[in-house]
Amino acid sequence: ALWAADARAFELRGRVINDTTREPVVATPVTVVDPRHGMVTEDKLQTDTQGGFAVSSLSDEISMYLVQVTYAGVVYTEMVRPEPGTVQMK
């Protein structure tokens, strides 16, 4: 999910959920990549106590962003188009 925070910066918020247990995935690495600009890493962070994450100051609301979540040694990926709402990674 992406929306304009101001005229130059955009924000992506999401939540990582274990698809088997339906529980939030806590303290797991999340990487947001801009594939349109040479796979530039926009941010690296970890999920919070509710499985949530937020990336501020993205460079472009038009781009698709690649969200990568590493859990139990497996990298899960999701292409995200800037739209209102929350990205659910399962």
request  = State yes or no: do Val74 and Val69 share one hydrophobic cluster built from I, L, V, M, F, W and Y residues joined by side-chain heavy-atom distances below 4.5 Å, directly or via other members?
outcome  = yes
Shortest non-hydrogen contact between Val16 and Thr47, atoms and distance = CG2-CG2, 3.7 Å
key: Cluster link Val26 to Leu45, ILVMFWY, side chain under 4.5 Å   = no
inquiry  = Contact between Phe53 and Asp48 at the side-chain level, heavy atoms closer than 4.5 Å - yes or no?
reply    = no
query = Quick one: does Pro24's side chain get under 4.5 Å of Arg15's, heavy atoms only?
reply = yes
query = Taking atom CG of Asn18 and atom CD of Glu23, what is their separation to the nearest 0.5 Å?
reply = 8.0 Å
ask   = Cluster question for you: counting only ILVMFWY and a side-chain heavy-atom cut-off of under 4.5 Å, with indirect links fine, are Met64 and Met39 together?
value = yes
ask   = Going by heavy atoms in the side chains, are Met79 and Pro35 under 4.5 Å from each other?
value = yes
task = Tell me whether Val40 is reachable from Val80 by hopping between hydrophobic residues (I, L, V, M, F, W, Y) whose side-chain heavy atoms are closer than 4.5 Å.
result = no
query = CG/Leu12 to OH/Tyr65 distance, rounded to the nearest 0.5 angstrom?
reply = 8.5 Å
message = Please evaluate residues Val30 and Val67 with respect to the criterion side-chain contact (heavy atoms from CB on, under 4.5 Å), reporting the C-alpha separation (whole Å), side-chain torsions for both, the decisive distance (0.1 Å), and the verdict.
response = CA-CA 7 Å; Val30 177; Val67 178; 4.0 Å; yes
remark   = Rounded to the nearest 0.5 Å, the CD atom of Glu42 sits from the CG atom of Leu66 at a distance of 11.5 Å
Heavy-atom side-chain contact between Thr41 and Thr31 under 4.5 Å = yes
query = With a 4.5 Å heavy-atom cut-off, do Gln46 and Thr28 have their side chains touching?
reply = no
